[in-house]
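Structure, as structure tokens:
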Amino acid sequence: MTARSPTILIVEDQPLLLLHVQFALEDAGFRVIQAENADQALVALDRHPEIRAVFTDVAMPGTLDGAALANRLQETHPHVSVLVTSGSQTYTPDNLPDGVRFVSKPYNGHDIIRMIAEDVA
């Protein structure tokens, strides 16, 4: 990993899923920062202006869910690409802003890497 590796923020409250994605992204050469909820994610984005993409779950504790986080980021960090995921069979990504991508759980680590790499290229 080099100092020029794109930095990705993963927002996931399930530790095993967080580690799975973190390891896949690090193996692909990305630098990873973690957050357990949207509130922590917003703090991380302010502390780390080098973050180029956010991969967030929809359902998580805190004041915002992942969809609301995506909407907030569109306003406050428009240069950051956002990929949203959900395992809920009833969730539809209709309320996500233009340009935000969605992938349902279970997802393949290779697909996440490809999508993020396309966004930060």
Side-chain angles (χ1 to χ4, degrees):
M1 186 168 8
T2 68
R4 296 183 135 166
S5 299
T7 302
I8 311 302
L9 174 61
I10 303 171
V11 189
E12 174 62 67
D13 64 321
Q14 295 182 26
L16 291 178
L17 289 175
L18 179 91
L19 287 175
H20 169 74
V21 176
Q22 177 181 346
F23 292 151
L25 288 170
E26 287 176 344
D27 286 347
F30 294 101
R31 181 172 174 256
V32 174
I33 296 173
Q34 303 176 357
E36 293 180 11
N37 58 49
D39 300 311
Q40 288 181 6
L42 293 170
V43 170
L45 282 155
D46 287 339
R47 287 186 180 161
H48 299 279
E50 72 275 15
I51 292 172
R52 304 255 320 272
V54 173
F55 178 55
T56 183
D57 190 13
V58 171
M60 63 185 140
T63 60
L64 300 172
D65 67 10
L69 176 62
N71 281 292
R72 171 83 59 89
L73 293 180
Q74 190 78 359
E75 297 170 9
T76 61
H77 296 79
H79 62 284
V80 174
S81 66
V82 181
L83 177 59
V84 175
T85 187
S86 176
S88 171
Q89 299 296 326
T90 59
Y91 179 77
T92 56
D94 300 336
N95 63 339
L96 295 177
D98 290 339
V100 171
R101 304 213 277 175
F102 177 78
V103 60
S104 61
K105 291 180 183 178
Y107 48 76
N108 178 311
H110 296 289
D111 291 336
I112 302 305
I113 292 165
R114 179 186 49 77
M115 294 171 86
I116 289 175
E118 290 171 0
D119 288 347
V120 300

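We count residues from 1, following the sequence as given.
Judged by distance alone, the side chain of T56 and the main-chain N or O of V84 form no donor-acceptor pair under 3.5 Å. The closest donor-acceptor contact from the side chain of R52 to the backbone of V120 lies under 3.5 Å.
Considering only heavy atoms from C-beta on, P61 comes within 4.5 Å of D13 through its side chain. Counting only heavy atoms from C-beta outward, the side chains of I51 and I33 approach each other to under 4.5 Å. Residues N37 and L64 form no side-chain contact, since every pair of their non-hydrogen atoms from C-beta on lies 4.5 Å or further apart. Contact annotation: the side chain of F30 approaches that of P6 to within less than 4.5 Å [non-hydrogen atoms, C-beta and beyond]. D46 is listed as a side-chain neighbour of H77, based on a closest heavy-atom distance under 4.5 Å. Proximity of L17 to V21: side-chain heavy atoms (C-beta onward) are nowhere separated by under 4.5 Å. Between L45 and V54, some side-chain heavy-atom pair lies under the 4.5 Å cut-off.
Put simply, CG on L42 and CZ on R47 are 12.0 Å apart, with the number rounded to the nearest 0.5 Å. Note that CG of N108 is 11.5 Å distant from CE of M115, once rounded to the nearest 0.5 Å.
Comment: D119 engages R101 in a salt bridge, judged by a side-chain N to carboxylate O separation of less than 4.0 angstrom.
Other residues, nucleotides and ligands place more than 12 heavy atoms under 6.0 Å from the NE2 atom of H79. Shown here is Q40, whose CD atom has more than 12 heavy atoms of other residues, nucleotides or ligands within 6.0 Å.
Between D57 and S86, the shortest heavy-atom distance links the atoms OD1-CA, 3.8 Å. A35 and L18 make their closest contact through O-CD1, 4.4 Å (heavy atoms, listed as atom of the first residue, atom of the second, distance). Across all non-hydrogen atoms, the minimal contact from M60 to V11 is SD-CG1, 3.4 Å. Scanning all heavy atoms of the two residues, the minimum distance from D39 to G62 falls at OD2-CA, 3.6 Å. When all heavy atoms of L96 and A70 are compared, the pair lying nearest together is CD2-CB, 4.2 Å. Here the closest heavy-atom approach between residue A28 and residue I113 is recorded as CB-CG2, 3.7 Å.
Under the 4.5 Å side-chain contact rule for hydrophobic residues, I8 and V58 do not share a cluster. Residues V82 and I116 are members of separate hydrophobic clusters, defined by side-chain heavy-atom contacts under 4.5 angstrom among Ile, Leu, Val, Met, Phe, Trp and Tyr. Transitive grouping of hydrophobic side chains (ILVMFWY, heavy atoms separated by less than 4.5 Å) keeps L9 and I112 in distinct clusters. Both V100 and F102 are assigned to one and the same hydrophobic cluster, defined by single-linkage of ILVMFWY side chains at heavy-atom distances under 4.5 Å. In the hydrophobic clustering of this structure, V103 groups with L25; members are Ile, Leu, Val, Met, Phe, Trp, Tyr whose side-chain heavy atoms approach within less than 4.5 Å, directly or through other members.
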Open item on the list: Determine whether T7 and H48 satisfy the following criterion, side-chain contact (heavy atoms from CB on, under 4.5 Å), listing intermediate values before the conclusion.
Closed with: CA-CA 9 Å; T7 302; H48 299 279; 5.6 Å; no
- [ ] Assess whether side-chain contact (heavy atoms from CB on, under 4.5 Å) is satisfied between I10 and E12, documenting all intermediate values.
- [x] CA-CA 6 Å; I10 303 171; E12 174 62 67; 4.2 Å; yes
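Aromatic ring centres of F55 and Y107 lie closer together than 6.0 Å.
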